[in-house]
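Here is the structure we will look at.
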Protein chains: 2
Amino acid sequence: MDGSGRQRPTMADVAEKAGVSRALVSIVFRNQPGASEETRRRVLRVADEIGYRPDSAARLLARGRSRTLGVMFTVHQTFHTDLIEGIYPEAERLGYDVLLSAASQGRSEAKAVEALLGHRCEALILLGPDAEPAYLDELGQRTVTVSVGRRVPRARVDFVHSAEGKGVRQAMDYLVELGHRRIVHIDGGRGPGSADRRRSYRAAMRRHGLDAEVRVIPGEHAEQSGIETGRLLLAERDRGRPLPTAVLAGNDRCAMGVLIAMTRAGVEVPRDLSVVGYDDSHLSHLMPIGLTTVRQDAGLMAEHAVRFAVERLENPGLEPREAVLDPKLVVRGTSGPPPVGAA
Amino acid sequence: MDGSGRQRPTMADVAEKAGVSRALVSIVFRNQPGASEETRRRVLRVADEIGYRPDSAARLLARGRSRTLGVMFTVHQTFHTDLIEGIYPEAERLGYDVLLSAASQGRSEAKAVEALLGHRCEALILLGPDAEPAYLDELGQRTVTVSVGRRVPRARVDFVHSAEGKGVRQAMDYLVELGHRRIVHIDGGRGPGSADRRRSYRAAMRRHGLDAEVRVIPGEHAEQSGIETGRLLLAERDRGRPLPTAVLAGNDRCAMGVLIAMTRAGVEVPRDLSVVGYDDSHLSHLMPIGLTTVRQDAGLMAEHAVRFAVERLENPGLEPREAVLDPKLVVRGTSGPPPVGAA
DNA sequence: TACTCCTACTAGAGCGCGCTAGTAGTGCGC
DNA sequence: GCGCACTACTAGCGCGCTCTAGTAGGAGTA
């Protein structure tokens, strides 16, 4: 007589109670023609009364298709939750269900993906996947797969990302115009978009005649990496090398780390140092002074990802595609002109 | 010949290729006794070769139980991702699968829960649910349900939370000891734990002889609420009423909002104003100066939630229980003594 | 030899649904 | 009176798996 003991009602229960066949109940619930208005209403009323709820496992098994999109994301990647928020409505609009699976410290991406496939997701949407290209290609061969943020060169995978180059260029032009010359870039390592961002940083420095100042510090897309880089720069300063006047971080989380390290050491942002992030994740607004960053439109990216997946599901001949969205520099409180005399 | 067109291999395929019966393959995959070592190896090898992957929909349908826990969370509640990270390993340890479903702006909690139930989750773990008690009770009657963070008075629901009272008391004692008297509390509205936190705030003020200073400002558990409260306090200051010397926010996100509003207006934290949050969400570390807050141990809470669910599933006679974990004040950079002469 | 007992395996029902093929019943034209 | 089209419904197979109730065959025992 407990919650778990009670049998969950099935279509047969509804059918019996409503005095019709199982098939008819099925028709009603699928909203298919073939039932009179009156019967329809009666069936729905009865179903509601006995608390019937269609069983997606059975439904899924019966029709070949599951109409379910599997989304893999990484816990703590704030930008991912922005994306998820955009995925649900678009999937619903197109009549698809969404299943979420998180990767984290103790749970590899492969494990998260495995769970999704086990639940018969027809397509995978991977948010900033960090796995090897070979693995992603294998997934792409097996299932419709969309990668958001990370380009997978020769894999059978759709790809949605923002034009990293344009974003970085905007940020760099902005900084240079303010008078910055010693602009350091913290690399995102294997993180999505990193290679492009790094390349564009180098190109921008060259274009502005700052070849001699180019400096890329290895890092990754996490706070810790920013903190470590901050410490490194501070240690160098103590040994006589001047601080850069601006830091272009690999993403917002990394920028956050730089801010933490610098502020703790008494370096004032943006007076002594400008810090620019990348993503415009939820996080960026939340700083008291606001993080200057490059905005990627999460809603639009989510929409594209879902659409790519669905279109390829419904039209299997389609080749994987790539969507490139234009990012936009958002100037907030962590950037300003360089300290006087630092040029 | 495309990813979505290919038929996914089934047990029958494995059985045929390995020259055994379907049942035997099933035995091997369930790791049950009844197959020789040699056959076991052969079956697994063949399965791997043809890329067989058990179908959880079918598996789920066939055995009565799904061994799946449904977790509802709210997008952007950073503390929830902390919890999720703790839920996975504990569930795995106990042999349960986890399904995630997110509520957000455009997706109600009921909808998120509906999706979970449709996928045959045996138990629900609701992270900081905001739904009406009546609805939660209804869920509790139907399914094993655990609420994390929010107490649901007379509902058939397990409950995991931290001892809000103790946490608030620690924070208040700390502030008073520093010399604060004008301590304002921003209420969490319908947010989980709010009622207890409000009550403890009042009690602490009384205990310290500060009855006359008691002030609870309505709010909720979001940045915006903190920003608005900040503006309110600033407007009052401009009309002659002094700022409080300390703010005890409803949670970290709200505290963040206060910081944003105050810093933008030139109020320096913690020199002019101390701000204390609640949750010790991921967020709190990420501020340059670190948010003083009350830590709830997310890992431990997650562990308890999973355990409650599983134990009640495997022992249907069990009554719903309550776990109260001790929170701990974490002093970081947003708190300090009140400005001189403000007493 | 005949019997039990054991291990290694198989047959086949059934989980809750979708869907195809079919059956009444009714109205309509000629 | 018959065929035909149309609506409202039903029978029953099959999705891929689990699980119960078996069977085949060999070892051990009296």
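The chains referred to below are lettered A, B, ... by the order of the sequence lines, with proteins before strands, and numbering in each begins at 1.
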**Asked** L61(B) has an atom CG; how far is it from atom P of dG16(D), in whole Å?
**Response** 12 Å
**Prompt:** Is it true that E319(B) and R312(B) have a side-chain N and a carboxylate O under 4.0 angstrom from each other?
**Reply:** no
**Request:** Pull out every residue in residues 39-49 of chain B that has a heavy atom closer than 4.0 Å to any atom of DNA chain D, ordered by number, or say none.
**Result:** none
**Request:** Applying side-chain contact (heavy atoms from CB on, under 4.5 Å), run through T143(B) and L117(B) and close with a yes or a no.
**Result:** CA-CA 9 Å; T143(B) 318; L117(B) 289 177; 3.8 Å; yes
**Request:** For P54(B), report the nucleic acid contact type (base, sugar-phosphate, nothing); a contact means any heavy atom under 4.0 Å.
**Result:** sugar-phosphate
**Fill in**
Taken in chain and number order and not counting sequence neighbours, the residues that satisfy salt bridge (Lys or Arg N to Asp or Glu O under 4.0 Å) with R151(B) are D196(B), E322(B)
**Message:** In this structure, how many angstroms lie between the C1' atom of dT18(D) and the CG atom of L60(B), rounded?
**Reply:** 12 Å
**Sequence neighbours excluded, every pair satisfying salt bridge (Lys or Arg N to Asp or Glu O under 4.0 Å) that has a member inside residues 74-91 of chain A** = E90(A)-R93(A), E90(A)-R307(A)
**Request:** Give the angle between the helix axes at the two ends of the helix from dT1(C)-dA30(D) to dC30(C)-dG1(D), taking five base pairs at each end and rounding to 10°.
**Result:** 60°
**Request:** Applying side-chain contact (heavy atoms from CB on, under 4.5 Å), name anything that partners A115(A), two or more places apart in sequence or on another chain.
**Result:** S101(A), R107(A)
**Complete:** R30(B) atom CZ is separated from dT20(D) atom C1', nearest whole Å, by 11 Å
**Residues which pass side-chain contact (heavy atoms from CB on, under 4.5 Å) with T68(B), listed by chain and number, not counting sequence neighbours** = S66(B), D97(B), L99(B), C121(B)
**Complete:** The first and last nucleotides of DNA chain C lying within contact of chain A, meaning any atom under 4.0 Å from one of its heavy atoms, run from dG16(C) to dC19(C)
**Item:** For DNA chain C, the residues among residues 19-27 of chain B that have a non-hydrogen atom under 4.0 Å from it
**Value:** V20(B), S21(B), R22(B), A23(B), L24(B)
**Complete:** Residue pairs meeting side chain to side chain donor-acceptor pair (under 3.5 Å), one or both in residues 13-25 of chain B, sequence neighbours left out, come to K17(B)-E49(B)
**Donor + acceptor pair across side chains of R40(A), S36(A) (<3.5 Å)** = no
**Prompt:** Going by an N to O cut-off under 4.0 Å, is there a salt bridge joining E92(A) and K111(B)?
**Reply:** yes
**Message:** I need the CD-P distance between E38(A) and dT7(D), as an integer number of Å.
**Reply:** 18 Å
**Prompt:** Taking only residues two or more places apart in sequence or in another chain, which ones pass ring-ring contact (aromatic ring centres under 6.0 Å, His included) with Y52(A)?
**Reply:** F29(A)
**Prompt:** In chain order, what residues pass the salt bridge (Lys or Arg N to Asp or Glu O under 4.0 Å) check against E38(B), with sequence neighbours excluded?
**Reply:** none
**Item:** Set of ring-ring contact (aromatic ring centres under 6.0 Å, His included) partners for F159(B), sequence neighbours left out
**Value:** H161(B)
**Request:** Let me know, please, whether D55(A) or A35(B) comes out on the 5' side of the other along DNA chain C by nearest nucleotide.
**Result:** A35(B)
**Asked** In terms of side-chain geometry, is the basic nitrogen of R120(A) or D55(B) positioned less than 4.0 Å from the acidic oxygen of its partner?
**Response** yes
